[in-house]
There are 2 protein chains.
Amino acid sequence: MKGGRTKFAILSLLRLGPLSGAEIKDYCQSRFGQFWSESYGQIYPALNLLCEQGLIRKLEDDEIGKSKKYEILDTGRTFLREWVETPSSDRLVRDELILKMFSASMVAPETLLSEIESALSKNAENMAKIEFGIATLREMNAAKSDAGYWALILRSGQLMASARQAWLEEVLAHVQARAKN
Amino acid sequence: MKGGRTKFAILSLLRLGPLSGAEIKDYCQSRFGQFWSESYGQIYPALNLLCEQGLIRKLEDDEIGKSKKYEILDTGRTFLREWVETPSSDRLVRDELILKMFSASMVAPETLLSEIESALSKNAENMAKIEFGIATLREMNAAKSDAGYWALILRSGQLMASARQAWLEEVLAHVQARAKN
DNA sequence: CTAGACATGTAAGGAGTTACATGATTGC
DNA sequence: GCAATCATGTAACTCCTTACATGTCTAG
């Protein structure tokens, strides 16, 4: 399918209200960041495609010069709903740090420390973002039906991040122990 | 860099002994499956590239007709080691199921059940593979320095899979509760 | 010898990122 | 008006999968 899953990420966001390309990028980062990402190189072409296909439309610039906002159409909502009802493709993970673990015995343990620490701090950042997201969600008073699912998204981030933290700490301990000998 | 990280995945495996393209594919699936994957369309071109660059070599076919095996060279080992010492790129996750959660309120809860259940059973499969991997590792008596790191890889799979299971169960409970009303 | 299985290889195309170009807006 | 900023857009490139084509071994 042309435009792939980027189209659905965009439609998902537009369901809640009109957005511009840049806003879509921002929201992707802040709301989907842990498990999905899109770059401008995908977003802008996809927006044009969605327009051509009559799934969204460009809002007339009431205030000229402002960034172009796009609005989802009923056809777009239907398209989005059908996708939700369709079986998902497999989860894809690409984790270079774990791949390196496979050959980690080739290098001095000390060499690995900085990478593990930077992974830990990146993970801590993620956890903070998720906490912030949880706080925000409470104040958002979204439709109740949405709020439940969105909380589950954040919950997934929580569970994954704390599993990762636990793992990184085990790795750190192992590497430090090896460094001592 | 040409050939990207596929080259390193291949070199990582070849470090342990000569392998053919198909064996590399199998090993990727069984050992790296949870966090890395490669397809033939990447493996074969990468093998040729690695040969051209003098990092591996094709073994002479002592027994003709057998699948072509490739062996890592010292230059390849050095290249691999340097990569391990280099900062990693960010972890990438693409999880369509979670993306759908964002719009899940658009559909009847019952619609979601089969997807959740299939995600649960796929996850259970993964957990079983990891358990098998742990048992295998014990019998492999790999070099002790490798065994420690490899156990950590499996440990990561364990932690992630059980976090995911916990999450999927929460999702299931939520969806079932919504279905009752 | 032949059918099936399996390994190798490739071509086409979609997915995704990066770096750059353009044009408008805002603040000074 | 000028610089800085920001949104939009695009081109080039890498990454990755899929489907197909080819060749080779093996069982019967």
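Every chain is numbered from 1, with letters handed out A, B, ... down the list of sequences. Keep in mind that this is a model prediction, so the values were computed, not measured.
Taking atom OH of Tyr44(B) as the reference point, atom C1' of dA19(D) lies 15 Å away to the nearest angstrom. Atom CD of Gln29(B) is separated from atom P of dA7(C) by 13 Å (rounded to the nearest Å). With rounding to whole Å, Glu23(B) atom CD is found 8 Å from dA7(C) atom P. Between the CD atom of Glu38(B) and the C1' atom of dT14(D) there is a distance of 13 Å, given to the nearest Å. Straight-line distance from the CG atom of Asp26(A) to the P atom of dA7(D): 7 Å, rounded to whole Å. The interatomic distance linking Lys7(B) (NZ) with dC16(D) (C1') rounds to 17 Å, in whole Å. Remark: P of dA24(C) and NZ of Lys69(A) are 20 Å apart, rounded to the nearest angstrom. Following rounding to the nearest Å, Tyr70(B) (OH) and dA7(C) (P) show an atom-to-atom distance of 14 Å.
Heavy-atom distances under 4.0 Å link DNA chain D to no residue of residues 93-101 of chain B.
Judged by closest nucleotide on DNA chain C, Ala22(B) is the one of Trp36(A) and Ala22(B) placed further toward the 5' end. The residue among Gly21(B) and Tyr40(A) whose nearest nucleotide of DNA chain C lies closer to the 5′ end is Gly21(B).
Aromatic ring pairs are classed by plane angle as parallel below 30°, tilted from 30° to 60° and perpendicular above 60°; the pair Trp150(A) and Phe102(B) is parallel. Using the six-membered ring where Trp is involved, Tyr40(B) and Tyr44(B) have ring planes that are parallel, under 30° apart on the 30 and 60° scheme.
Residue Tyr70(A) is tested with Ile10(A), Leu14(A), Leu59(A), Leu11(A) for a side chain to side chain contact (heavy atoms under 4.5 Å, CB included); the sole match is Leu14(A).
A sub-4.0 Å separation between OP1 or OP2 of dT17(C) and a side-chain N or O of Ser37(A) is present. Distances shown here put a side-chain N or O of Lys68(B) below 4.0 Å from the OP1 or OP2 atom of dG9(C). OP1 and OP2 of dG14(C) both lie 4.0 Å or more from every side-chain N or O belonging to Arg5(A). For dC16(D), one of the phosphate oxygens OP1 or OP2 lies less than 4.0 angstrom from a side-chain nitrogen or oxygen of Gln42(B).
Looking at heavy-atom distances under 4.0 Å, Gly41(B) makes contact with a base.
Clustering ILVMFWY residues whenever any of their side-chain heavy atoms sit less than 4.5 angstrom apart, transitively, puts Leu16(A) in the very cluster that holds Leu19(A).
Pairs engaging residues 121-141 of chain B under the salt bridge (Lys or Arg N to Asp or Glu O under 4.0 Å) rule: Asp90(A)-Lys122(B) [sequence neighbours left out].
The two residues Ser105(A) and Arg15(B) make their nearest non-hydrogen contact at OG-NH1, 3.6 Å.
Comparing atom distances between the Ser39(A) side chain and each of dT17(C), dT17(D), dG9(D) picks out dT17(C) as nearest.
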Q: Start with the C-alpha distance between Trp36(A) and Glu38(A), add both sets of side-chain angles, then the distance that settles side-chain hydrogen bond (donor to acceptor under 3.5 Å, both in side chains), and finish with yes or no.
A: CA-CA 7 Å; Trp36(A) 205 264; Glu38(A) 301 290 353; 2.7 Å; yes
